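What's counted below: heavy atoms across the whole structure, side chains too, no hydrogens, waters or symmetry copies. Just so it is clear, the model here is predicted, and its values are computed rather than measured. So you know, we letter chains A, B, ... as the sequences are listed, proteins then strands, and number each from 1.
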Amino acid sequence: MNHNIDHTAGHGTDMPKAVKIKKIVDENYNTKTFFLDTKLEAVPGQFIMFWIPRIGEKPFSLSYIGNNTAITVQLKGKFTKKMFELSVDDIVGIRGPYGNGFTPQKNACVIAGGCGVIPLVPLVEMLDKPVVIVGAKTADAILFKERLNGNSKLYVATDDGSLGIKGFSTDIARELLKRKKFDVVYTCGPEMMMKAVFNLTEQHNIALQASLERFMKCGFGVCGQCIINGFRVCKDGPVFSSEQLRQMTEFGKFARLKNGKKVNLKEYYSWRS
Amino acid sequence: MNHNIDHTAGHGTDMPKAVKIKKIVDENYNTKTFFLDTKLEAVPGQFIMFWIPRIGEKPFSLSYIGNNTAITVQLKGKFTKKMFELSVDDIVGIRGPYGNGFTPQKNACVIAGGCGVIPLVPLVEMLDKPVVIVGAKTADAILFKERLNGNSKLYVATDDGSLGIKGFSTDIARELLKRKKFDVVYTCGPEMMMKAVFNLTEQHNIALQASLERFMKCGFGVCGQCIINGFRVCKDGPVFSSEQLRQMTEFGKFARLKNGKKVNLKEYYSWRS
Amino acid sequence: MSVITANLKTTLLGTELRNPTILAAGFLGVSAESLIRVYENGAGAVTTKSISIESRNGHANPTVLSFGHGLINAVGLSNPGIDNYIEEIKTVKEKKIPLILNTIGDRNEDFITVAKLGEAAGVDIIELNVSCPNVIHKKPYYSDPELLSSLVRNVKDAVSIPVIVKLSPNVTDIKEIAKAVEDAGADGISAINTVGPGMIINIETAKPVMAFKKGGLSGPAIKPVAIRCVYDIYETVDIPVIGIGGIMNGKATVEMIMAGASAVGIGSAIYYRGLDVFKKISEELSEWMDNNGYTSIKQLVGAAHES
Amino acid sequence: MSVITANLKTTLLGTELRNPTILAAGFLGVSAESLIRVYENGAGAVTTKSISIESRNGHANPTVLSFGHGLINAVGLSNPGIDNYIEEIKTVKEKKIPLILNTIGDRNEDFITVAKLGEAAGVDIIELNVSCPNVIHKKPYYSDPELLSSLVRNVKDAVSIPVIVKLSPNVTDIKEIAKAVEDAGADGISAINTVGPGMIINIETAKPVMAFKKGGLSGPAIKPVAIRCVYDIYETVDIPVIGIGGIMNGKATVEMIMAGASAVGIGSAIYYRGLDVFKKISEELSEWMDNNGYTSIKQLVGAAHES
Ligand SMILES: Cc1cc2nc3c(=O)[nH]c(=O)nc-3n(C[C@H](O)[C@H](O)[C@H](O)COP(=O)(O)OP(=O)(O)OC[C@H]3O[C@@H](n4cnc5c(N)ncnc54)[C@H](O)[C@@H]3O)c2cc1C
Ligand SMILES: Cc1cc2nc3c(=O)[nH]c(=O)nc-3n(C[C@H](O)[C@H](O)[C@H](O)COP(=O)(O)OP(=O)(O)OC[C@H]3O[C@@H](n4cnc5c(N)ncnc54)[C@H](O)[C@@H]3O)c2cc1C
Ligand SMILES: Cc1cc2nc3c(=O)[nH]c(=O)nc-3n(C[C@H](O)[C@H](O)[C@H](O)COP(=O)(O)O)c2cc1C
Ligand SMILES: Cc1cc2nc3c(=O)[nH]c(=O)nc-3n(C[C@H](O)[C@H](O)[C@H](O)COP(=O)(O)O)c2cc1C
Ligand code: FES
Ligand code: FES
């Protein structure tokens with residue numbers, strides 16, 4: 001028996017760890033960032049499971065990594081509503097970080113849609129002068145403009161033209177990829193948008209890293225809830241390569257409800273509301 | 001989760017580990033040494049629990065440590081009889097090493113009685129020119145004469161005078177301690193002999209390290225079976241200091257049967273026969 | 001080492017398995033492709049999640065956590081219902097993968113319906129998961145030998161493929177249950193389902209962590225209980241046993257088979273050692289058998305029992 | 001940190017404890033001096049080994065092993081019999097150490113005799129260990145509420161010191177048992193005894209390792225089961241509960257008390273953290289309470305239950 005280690009703790013403890021909410025920042029009308037009183041070793045694209053006692057637990061990407069640990073949350077439904085009722089000093093539980101995260105590479109283009117920008121900001125900050133394309137409904141809805149502007153060339157698209165071009169981020173990407181050769185594209189956003197980005201990168205023969213989303217339970221690859229074709233989003237992803245995406249007949253088409261039933265994305269998104 | 005360690009093994013596994021008997025040496029008419037196909041990190045005076053499947057499990061001191069791992073066993077009763085029926089290549093189970101062992105010091109006198117020599121030989125080999133006194137019934141019964149002779153000055157006492165002086169090892173010790181100042185005395189043997197040695201070292205104000213014996217169950221300090229006064233022979237011992245021995249009103253007087261009943265040493269020794 | 005390479009092939013109730021490792025129910029059993037991936041990673045057979053007639057949403061999150069010595073789960077038997085699952089079964093069977101359909105229900109008829117549809121879709125074996133507490137009678141199936149016997153008899157009458165019953169360790173006398181199950185005509189037994197249940201309380205918030213508060217324990221912590229149950233069952237019945245619970249490596253597999261299992265179910269090990277744990281365990285098993293002079297699984301089955 | 005230092009004092013059935021850690025039965029309980037040493041190492045109270053009328057030798061070795069996630073034991077309730085143990089009790093009580101006498105028997109009368117002699121010798125509390133399987137009726141006490149009720153009533157009639165019952169987790173419904181015990185007049189409940197039993201097979205020799213083949217599990221592996229049992233019992237009865245099972249540190253102590261325990265039993269932690277684990281746990285408990293704004297044990301008891 002080695003007396004230097006804690007023999008009683010066991011291994012691989014994936015249990016919500018209590019953390020205090022240190023600071024809450026309103027990013028816009030429906031988005032808040034929760035800074036947590038903890039330090040996690042993580043890479044951009046990884047996520048944590050965020051637990052509110054007796055309420056529930058859901059996955060959220062890390063929006064700040066390093067000296068700060070934070071998640072940024074868009075108000076969508078039941079659980080995020082409860083999150084928005086949380087105050088500084090409240091105690092919640094987190095476990096993780098989980099998933100693989102993005103692999104930073106040179107000469108990159110980052111394409112974000114809506115709250116898909118969240119896992120991408122820490123990546124952008126880490127990349128060497130990437131080109132960043134952000135799309136959102138309105139100028140207000142664009143998250144982390146300053147952080148994105150820092151070391152990258154930033155293109156913006158809004159549905160209403162209130163900032164940047166009027167249109168989708170994919171409209172900008174389509175033009176840009178014609179003119180400029182990138183070694184890698186990173187994307188996160190609505191799945192239909194990512195599907196469009198995938199079609200573009202396939203056409204231009206560029207490596208893609210896309211961060212997918214599915215309803216999760218365990219978060220560590222055993223329950224099978226988050227499956228997309230044979231891949232576990234929580235463990236094999238959430239970031240997938242072009243090669244993996246090619247094998248995913250369900251990508252952009254189907255997802256599974258909490259009971260495991262395979263439905264089209266529209267039904268999947270409406271189920272929880 | 002750290003993927004470099006075995007997350008499934010758990011900690012502090014004290015379970016008989018299968019080992020092959022590599023060699024069996026007849027030391028004398030009623031004593032055999034069992035060399036085991038394993039390497040243990042151990043110090044002289046530590047013991048292992050030796051398991052024969054479906055037969056039982058008992059503690060035995062290591063008689064060889066380092067490149068060889070061996071125990072040396074005197075035929076006494078039911079369990080040692082079964083041990084004597086074992087052959088080379090048989091598989092048995094061992095766990096340990098357990099207990100504290102001796103602390104080697106300079107200018108030492110080692111006093112052994114009968115099979116008490118067993119845990120003391122590896123110690124003698126480690127000490128710097130110790131004086132060794134061995135007592136046994138007959139010349140035949142003296143174990144490990146060569147190993148003891150190696151780097152030490154050896155005195156022998158036999159009950160019948162067939163080797164060395166006729167008398168007890170304590171007779172030699174009594175004379176020697178008068179003439180020569182030692183910094184430490186090590187002893188193992190029949191408890192009455194050790195009690196006599198303790199009286200001598202107390203009289204001469206010399207630090208004693210005595211290896212005691214009690215019936216054991218767990219071997220790692222939880223069950224309380226091997227208790228002598230407040231001390232656990234398996235965990236706090238088997239080697240005890242003069243200071244500890246002074247607190248032991250039961251030393252040389254009482255021991256506990258398997259059911260925990262405190263009896264005098266005579267009844268204790270006759271219980272198992 | 002030795003030049004012989006042990007043969008891991010084994011036959012379970014007429015189904016040939018390339019090795020004795022079986023994916024346990026509730027792990028990655030949501031989709032056909034996920035079951036196929038497990039098979040590609042070395043499993044000898046795979047088990048579906050527990051399937052009922054109607055779809056079930058299961059419990060709220062957290063549903064699956066790990067506590068350092070195993071997993072704790074209260075997934076709540078979420079499943080899409082047999083009608084939505086038929087396609088998954090067919091897709092798995094197109095690949096000729098040995099498949100066990102794990103079934104749940106509130107009444108005998110529920111199990112029968114699911115089992116019949118499963119049989120028609122091509123599954124090899126029906127597993128009755130009777131550890132589900134919501135049943136018509138007050139007493140749950142798993143601890144009531146009579147209730148259980150009637151269930152087994154009814155399902156056996158309804159299908160012609162083998163039927164096995166998955167037992168809970170959380171009973172006073174598992175031998176009594178095993179005997180009842182055999183007498184009622186079951187073709188095999190799988191054991192064990194999760195232990196406890198257990199509970200974890202987060203002390204900073206003074207709240208149970210699982211949404212359902214309690215959850216069953218699996219993984220390394222429960223292996224000794226699983227070994228004992230399988231040992232007891234093997235002493236009591238003659239039908240084959242699938243040994244499940246805390247199997248993490250080749251040696252644990254040997255231990256379980258020596259206790260009396262004809263094949264082993266593996267679940268939580270995926271958490272500790274990855275999806276390819278089936279391949280790893282098969283290799284470890286084969287290596288151990290080579291080094292210890294065993295050439296077939298049969299030689300190991302029940303070897304720890306006094307002859 | 002905070003300047004307040006939490007008060008660990010607590011009262012258990014009229015006995016004042018300096019802290020809520022109690023040595024669990026079967027650990028180091030062979031001799032008075034060994035119990036005294038445990039007390040000197042920080043325990044709030046100590047429990048004897050299980051004592052019967054006649055002496056018992058218990059099972060052959062191996063009797064106590066560790067399997068990596070806890071201990072497994074089949075000591076077999078070895079003890080010198082109450083007559084030989086009276087001296088030990090008196091020696092402990094001379095030091096005014098809070099002492100629980102754990103009793104076993106085959107019939108109600110056995111428990112009564114031991115309890116009365118213990119009371120006369122000065123013990124503070126009688127604990128009935130009913131997990132012992134050898135009893136007059138076919139069904140053991142621990143799983144039969146009626147048998148258990150009669151035992152509790154009989155012992156309560158015979159002694160005037162508090163009587164608590166130690167429950168086994170290996171039953172289908174521990175709430176039912178707890179209720180029966182309370183209704184019969186027990187003053188408290190301790191839970192849990194060991195889980196399983198379990199079995200370990202040495203695969204190289206194909207033999208169960210324990211001489212008794214099976215053994216009960218304790219230590220970290222069983223904590224979630226213990227927490228759940230205490231939580232369930234607390235929901236069911238109003239008498240105080242001693243929470244036992246897998247308590248390794250201050251945080252686990254908090255968890256157990258929040259589940260509903262008024263004090264905690266500690267055994268296997270001695271293996272993992274040494275004899276002074278009682279001191280260590282008390283310090284950790286006190287520090288945690290300070291940091292989290294609790295000033296007394298009472299505030300923690302049952303805190304995890306919905307109000
Ligand atoms: C790996 C991963 C990382 C994630 N990171 C973040 C993050 O950084 N920030 C964040 O806000 N959320 C993130 N999510 C999504 C998050 O976990 C929740 O699913 C989401 O917040 C909705 O929760 P809810 O309970 O409030 O809404 P629900 O009550 O579940 O749903 C309400 C409405 O929102 C819509 N909706 C729900 N989830 C999604 C979705 N994922 N995409 C599109 N529409 C949806 C539904 O159509 C529904 O109408 C992530 C998910 C995954 C799997
Ligand atoms: C820490 C420790 C180290 C030990 N090291 C060794 C060792 O290196 N070699 C070795 O041979 N034994 C050693 N022993 C003793 C050993 O564990 C057994 O107790 C002993 O071998 C007798 O076992 P048995 O079952 O054959 O005899 P039993 O059936 O138990 O007894 C048979 C007869 O032997 C006598 N007897 C039994 N044990 C002892 C004893 N310890 N001292 C004196 N008489 C006794 C009894 O009086 C009885 O008449 C050690 C014990 C301890 C606690
Ligand atoms: C997350 C999870 C889900 C489970 N779901 C089911 C299930 O649906 N049906 C079932 O019979 N057993 C289920 N079980 C029990 C397992 O099949 C298995 O009996 C148990 O986990 C012990 O094996 P293990 O230690 O290898 O995990 C589940 C276990 C876990 C951990
Ligand atoms: C070696 C050993 C001996 C035990 N002996 C007894 C006993 O005699 N009577 C009893 O009621 N419980 C006995 N138990 C059970 C413990 O008192 C306790 O309930 C169990 O070990 C769980 O607590 P832990 O995890 O802190 O060890 C024993 C446990 C062990 C490991
Ligand atoms: S959430 Fe369980 S496998 Fe991904
Ligand atoms: S043998 Fe168990 S305490 Fe020493």
| field | Partners passing salt bridge (charged side-chain N to carboxylate O under 4.0 Å, His left out) against C:D183 (at least two apart in sequence or in another chain) | value |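 Partners of C:D183 by the salt bridge (charged side-chain N to carboxylate O under 4.0 Å, His left out) criterion, ordered by chain and then number, come out as C:K179.
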| said: For the CG atom of D:L217 and the CZ atom of C:R228, what is their distance to the nearest 0.5 Å? | reply: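 D:L217 CG to C:R228 CZ: 9.0 Å, rounded to 0.5 Å.
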| Nearest atoms (heavy-atom pairs only) where C:V225 meets D:G196 |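 For C:V225 versus D:G196, the nearest heavy atoms are CG2-CA, 4.1 Å.
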| message | Please give me the minimum heavy-atom distance between D:H69 and C:P220, naming the atom from each residue. | response |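 In terms of heavy atoms, the two residues are closest at NE2-CB, 3.3 Å.
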| message | Can you confirm whether C:K298 is buried at NZ, in the sense that more than 12 heavy atoms of other residues, nucleotides or ligands lie under 6.0 Å from that atom? | response |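 Open: at most 12 neighbouring heavy atoms sit under 6.0 Å from NZ of C:K298.
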| message | Atom CD of residue position C:E146 - does it have more than 12 heavy atoms of other residues, nucleotides or ligands inside 6.0 Å? | response |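 For C:E146, atom CD is not crowded (no more than 12 foreign heavy atoms under 6.0 Å).
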| query | Who pairs with D:N292 by side chain to side chain contact (heavy atoms under 4.5 Å, CB included), at least two apart in sequence or on another chain? | reply |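 With neighbours one apart ignored, the set is C:E204, D:W288, D:Y294.
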| said: So C:P208 and D:Y231, do their side chains get closer than 4.5 Å, heavy atoms only? | reply: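 The answer is yes; the side chains approach within 4.5 Å.
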| query | Given side chains that start at C-beta, do those of D:I200 and C:I227 come closer than 4.5 Å, heavy atoms only? | reply |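 D:I200 vs C:I227: side chains apart.
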| Pick from D:I203, D:V230, D:D173, D:N202 with the largest number of heavy-atom pairs that fall under 4.5 Å of chain C |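 Counting heavy-atom pairs under 4.5 Å, the top option is D:I203.
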| Greatest number of heavy atom pairs closer than 4.5 Å to chain C - which of D:K251, D:K207, D:K223 |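 Option with the greatest count: D:K251.
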| said: Looking at chain D, which one of C:T172, C:I72, C:N170, C:V171 has the largest number of heavy-atom pairs inside 4.5 Å, strictly under? | reply: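 Of the candidates given, the most pairs with chain D belong to C:T172.
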| query | Who among C:G198, C:P224, C:A304 has the most heavy-atom pairs with chain D under 4.5 Å? | reply |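 Greatest number of close heavy-atom pairs with chain D: C:P224.
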| Part of D:P197 lying under 4.5 Å from any heavy atom of chain C |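 Both backbone and side chain.
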| request: With D:D232 as reference, evaluate C:K213, C:K214, C:M199 under the side chain to side chain contact (heavy atoms under 4.5 Å, CB included) test and give the passing residue. | output: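 Passing option: C:K214.
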